[in-house]
Amino acid sequence: MGRFHRHDETHTHADGTTHSHEHTTPGHSDHGDHSGYDTGAERIDVLEAIFTENDVRADLNRAAFDGAGVPAINLMSSPGSGKTAILSATLDAMRADVRIGVVEGDIATDLDAARLADKGAQVSLINTANGFGGECHLDAPMVNRALQDLDLQTLDLVIIENVGNLVCPAEFDVGEHARAMVYSVTEGEDKPLKYPLMFSRVHVILLNKIDLLPHLDVELQAFLDSIAQTNPRARVIPVSARTGEGLPEWFSWVRALVERRAG
């Protein structure tokens, strides 16, 4: 039961400039170019103010989730990892007994939201595009606006599909209770070491496209070793969105989170 809404929002960047953003929702959104920031104490003060505001909104989001008894997962990845494919499979597998809301973050278009619209979920889309390109992540204020188009009281779970980027999304608390990421084996076994922030902050890593391993000059253990160096506490689940291999373990992890919050 998808539904789409468009909104114009303004967002102030770390350099003090303000841009207007159009947001679309099968349910909303914001964010943009991080280049060209000033250096020095003024920049630090502005960044601290942005993160402080974000944390306040994140706490409000989390309070809204908690008030409705709904856990929220922040699902992150780089572009092309198969994140939407896995989310689509998750909705198909759980729609019969878990009522799911999706906050869909994307720089432009409603392609991913439309892909999920017939999966039985409430979907609220955040487009971060503006005249300068578009933000590379969701933040708490964006998610706060998107929640206006989700009826939390009728949901058991919210999954926030963040904008595809391997760095920026991990910097912002959006009010989630758990963080997960999708990582494709085609991205190379060294990325957890070269881009450690997201890997270090997630609870579960879906190592996707393992069906391609026979065609790649890499070993699964090499991926696991790199991830273990960055976040030995993370649960790593090798999966294939194309064949379905490993996905039942992910579904079980999600169900366990829902049951813990409900209890």
Side-chain angles (χ1 to χ4, degrees), residues 73-96 98 100 102 104-109 111-121 136-137 157 159-170 178-258:
I73 300 172
N74 186 359
L75 184 63
M76 302 175 287
S77 78
S78 59
S81 66
K83 176 163 40 70
T84 305
I86 287 177
L87 178 54
S88 177
T90 303
L91 298 181
D92 283 339
M94 305 182 69
R95 63 190 296 177
V98 179
I100 301 177
V102 175
E104 176 62 42
D106 222 334
I107 290 178
T109 81
L111 294 176
D112 288 345
R115 183 177 176 183
L116 303 174
D118 64 348
K119 302 292 181 178
C136 59
H137 60 275
L157 172 69
I159 300 178
I160 302 162
E161 183 177 6
N162 220 305
V163 177
N165 187 287
L166 199 55
V167 180
C168 301
R179 294 176 297 279
M181 72 173 293
V182 179
Y183 179 64
S184 169
V185 297
T186 60
E187 298 179 71
E189 59 211 36
D190 59 347
K191 294 301 187 296
L193 305 179
K194 295 174 67 175
Y195 303 94
L197 181 64
M198 185 178 296
F199 290 90
S200 68
R201 293 188 174 182
V202 297
H203 300 94
V204 62
I205 298 169
L206 302 174
L207 189 58
N208 193 28
K209 304 186 183 181
I210 58 171
D211 53 296
L212 297 180
L213 283 173
H215 309 288
L216 303 174
D217 188 23
V218 296
E219 297 291 336
L220 178 59
Q221 191 58 48
F223 290 98
L224 299 177
D225 290 344
S226 293
I227 292 170
Q229 291 183 56
T230 304
N231 186 355
R233 298 176 302 280
R235 181 170 178 176
V236 181
I237 307 176
V239 302
S240 169
R242 186 177 71 85
T243 68
E245 182 178 357
L247 289 180
E249 184 178 348
W250 158 246
F251 302 152
S252 295
W253 185 89
V254 174
R255 288 182 186 279
L257 176 68
V258 173

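Hydrogens, waters and symmetry mates play no part in the numbers below; they use all other heavy atoms, side chains included.
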Study note, to complete from the structure: Taken to the nearest 0.5 Å, the spacing of Ile227 CD1 from Leu207 CG works out to 5.5 Å
Review point. At what distance, to the nearest 0.5 angstrom, does CZ of Phe199 lie from CG of Leu166?
Key: 5.0 Å
Study note, to complete from the structure: So CZ of Phe223 and CG of Leu216: to nearest 0.5 Å the spacing works out to 7.0 Å
Exercise for review: Could you pull out all residues at least two apart from Tyr195 that satisfy ring-ring contact (aromatic ring centres under 6.0 Å, His included)?
Suggested key: none
Review point. Atom CZ in Arg255, atom CE in Met94: separation rounded to 0.5 Å?
Key: 4.0 Å
Exercise for review: Rounded to the nearest 0.5 Å, what's the gap from CG on Leu257 to NE2 on His203? Could you check?
Suggested key: 9.5 Å
Check your understanding: Does anything in residues 215-231 pair up under salt bridge (Lys or Arg N to Asp or Glu O under 4.0 Å), and if so which pairs, sequence neighbours excluded?
Key -> none
Practice item. Kindly give the heavy-atom pair with the smallest separation between Ser184 and Lys209, and that separation in Å. Key: OG-CD, 3.1 Å
Review point. If you look at every heavy atom in His137 and Cys168, which pair is closest and at what distance?
Key: ND1-CB, 3.6 Å
**Study point:** Listed partners of Ser77 passing side-chain contact (heavy atoms from CB on, under 4.5 Å), at least two apart
**Key:** Ser81, Lys83, Val182
Point to revise | Non-neighbouring partners of Ser252 that pass side-chain contact (heavy atoms from CB on, under 4.5 Å), sequence neighbours left out | key: none
Exercise for review: Taking side-chain contact (heavy atoms from CB on, under 4.5 Å) as the test, write out the residues that go with Leu193, two or more places apart.
Suggested key: Ser226, Gln229, Thr230
Check your understanding: Going from CD1 on Ile210 to CG on Leu220, what distance comes out if it is rounded to the nearest 0.5 angstrom?
Key -> 7.0 Å
Review point. Who passes salt bridge (charged side-chain N to carboxylate O under 4.0 Å, His left out) against Glu245, sequence neighbours left out?
Key: none
Point to revise | Nearest heavy atoms of Asp92 and Arg95, plus distance in Å | key: O-CG, 3.6 Å
Practice item. For Ala180, check side-chain contact (heavy atoms from CB on, under 4.5 Å) against everything at least two apart and list the hits. Key: Ile73, Leu75, Val204, Trp250
Check your understanding: When you measure from the side chain of Asn208 to the backbone N and O of Ala241, does any donor-acceptor pair fall under 3.5 Å?
Key -> yes
Study note, to complete from the structure: Here the pair of heavy atoms bringing Lys119 nearest to Ser88 is CE-OG, 3.1 Å
Review point. Run the side-chain contact (heavy atoms from CB on, under 4.5 Å) check on Leu91 and Val102 step by step: do they pass?
Key: CA-CA 10 Å; Leu91 298 181; Val102 175; 4.2 Å; yes
Exercise for review: Please identify each residue that fulfils side chain to side chain donor-acceptor pair (under 3.5 Å) with Thr109, with sequence neighbours left out.
Suggested key: none
Point to revise | Partners meeting side chain to side chain donor-acceptor pair (under 3.5 Å) with Asn231 (sequence neighbours left out) | key: none
Review point. Can you name the salt bridge (charged side-chain N to carboxylate O under 4.0 Å, His left out) partners of Asp211, sequence neighbours left out?
Key: Arg242
Check your understanding: Which heavy atom in Ala93 sits nearest to a heavy atom in Phe251, and how many Å separate them?
Key -> CB-CE1, 3.4 Å
Practice item. Identify, with sequence neighbours excluded, every residue that meets side chain to side chain donor-acceptor pair (under 3.5 Å) alongside Arg235. Key: Glu249
**Study point:** Results of side chain to side chain donor-acceptor pair (under 3.5 Å) for Glu189 - residues two or more places apart only
**Key:** none
